[in-house]
Amino acid sequence: MALFDLLVHLLSCSLVHIKNMLSIFLKEFRSFFSSATGYIVIAIFLITTSLLLWVIPGEYNVLDSGYSNVDGLFYLAPWLFLFLCPAVSMRLFAEEKQTGTWELLVTKPVSKWQIVTGKFLAGWVLVLLALVPALIYYFSVSYIAEPVGNIDSGAFWGSFIGLGFLSAVYVSIGTFTSSLSKNQIVAFILALVISFLLYYGFDLLASFFNSGSILEWMGSLGIDAHYKSMSRGVIDSRDVVYFVVVSIIFLFSTRLRLTKL
């Protein structure tokens with residue numbers, strides 16, 4: 001009986017936790033679309049990728065490449081997200097502190113962790129929404145391929161999933177930097193710099209070494225190596241664990257930062 005009561009108590013606590021987190025998530029997510037932020041982020045991503053993949057001649061143009069793939073999208077997206085994800089997440093905490101609503105938020109029966117996860121999920125889901133219309137590129141290329149359907153679906157879906165995980169790391173970084181300053185521009189720049197260093201910095205650092213083992217180890221610390229691994233169409237648990245762990249580290253750092261406010 002005591003065990004049953006304990007399980008009921010744990011379940012009720014979990015439900016309360018989820019309910020509080022969802023309330024923060026919905027509040028934050030609605031705010032993206034009550035202003036122009038959500039529409040601008042999605043429009044910039046889709047317009048930029050559409051122009052580079054279908055209109056502007058070059059190495060990313062699908063029609064110029066002669067191959068039935070959308071590899072250009074998955075090369076461009078991490079660099080576009082370097083700017084878009086910080087733009088989405090820079091306001092998550094900075095705006096609360098700037099407008100003075102943070103003090104009001106912390107008086108509510110909501111834990112710091114629920115606030116952090118709710119705000120993070122709102123930013124991440126917005127970025128994922130920007131990705132969804134990009135599925136049109138996949139079906140378009142599949143349709144114009146010779147023969148129809150002649151496209152490497154494994155590589156596409158691996159890259160697509162990898163991009164989702166990559167965006168989670170970027171948004172978690174932006175969530176953390178937003179908690180550091182009430183100035184949204186400062187939060188944006190910090191998120192941009194940290195995301196760039198984590199995406200490409202370790203590859204740059206590895207270029208100074210000649211040892212193969214060191215090169216491989218240094219590269220494995222960065223996002224790019226794990227993103228490329230998933231882009232091959234094979235979802236390796238090590239890559240998934242990497243993205244999840246890095247995201248949790250930044251979210252936990254955000255929570256620690258908020259305890260000092």
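These numbers come from the heavy atoms of this one structure, side chains and all, not from hydrogens, waters or symmetry mates.
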Is atom CD1 of Ile136 surrounded by more than 12 heavy atoms (other residues, nucleotides or ligands) closer than 6.0 Å? no
Is it true that atom OH of Tyr143 has more than 12 heavy atoms of other residues, nucleotides or ligands lying nearer than 6.0 Å? no
Parallel, tilted or perpendicular, as decided by the 30° and 60° cut-offs, for the rings of Phe160 and Phe74: perpendicular
Could you check whether the rings of Phe243 and Phe165 sit parallel, tilted or perpendicular, using 30° and 60° as the cut-offs? parallel
Whether the side chain of [X] engages the backbone of [Y] through a donor-acceptor N/O pair (distance < 3.5 Å, no angle test) should be reported.
| X | Y | answer |
| --- | --- | --- |
| His226 | Ser220 | yes |
| Thr49 | Leu46 | yes |
| Trp124 | Lys119 | no |
| Ser178 | Ala94 | yes |
| Lys112 | Arg255 | no |

For the residue pair [X] and [Y], confirm or rule out a side-chain donor-acceptor distance under 3.5 Å.
| X | Y | answer |
| --- | --- | --- |
| Ser229 | Asp236 | no |
| Ser153 | Tyr138 | yes |
| Ser159 | Tyr227 | no |
| Arg91 | Ser31 | yes |

To the closest 0.5 Å, what do you measure between [atom1] ([X]) and [atom2] ([Y])?
| X | Y | atom1 | atom2 | answer |
| --- | --- | --- | --- | --- |
| Tyr75 | Asp71 | OH | CG | 12.5 Å |
| Leu52 | Asn61 | CG | CG | 9.0 Å |
| Leu84 | Ser89 | CG | OG | 10.5 Å |

Under a 4.0 Å threshold between the charged nitrogen and the carboxylate oxygen, would Glu103 count as salt-bridged to Lys108? no
Does a side-chain N-to-carboxylate-O contact under 4.0 Å join Glu95 and Lys182? no
Leu51 and side-chain contact (heavy atoms from CB on, under 4.5 Å): which partner among Thr48, Ile47, Leu53? Ile47
Pair Phe45 + Phe81: ring centers closer than 6.0 Å: yes
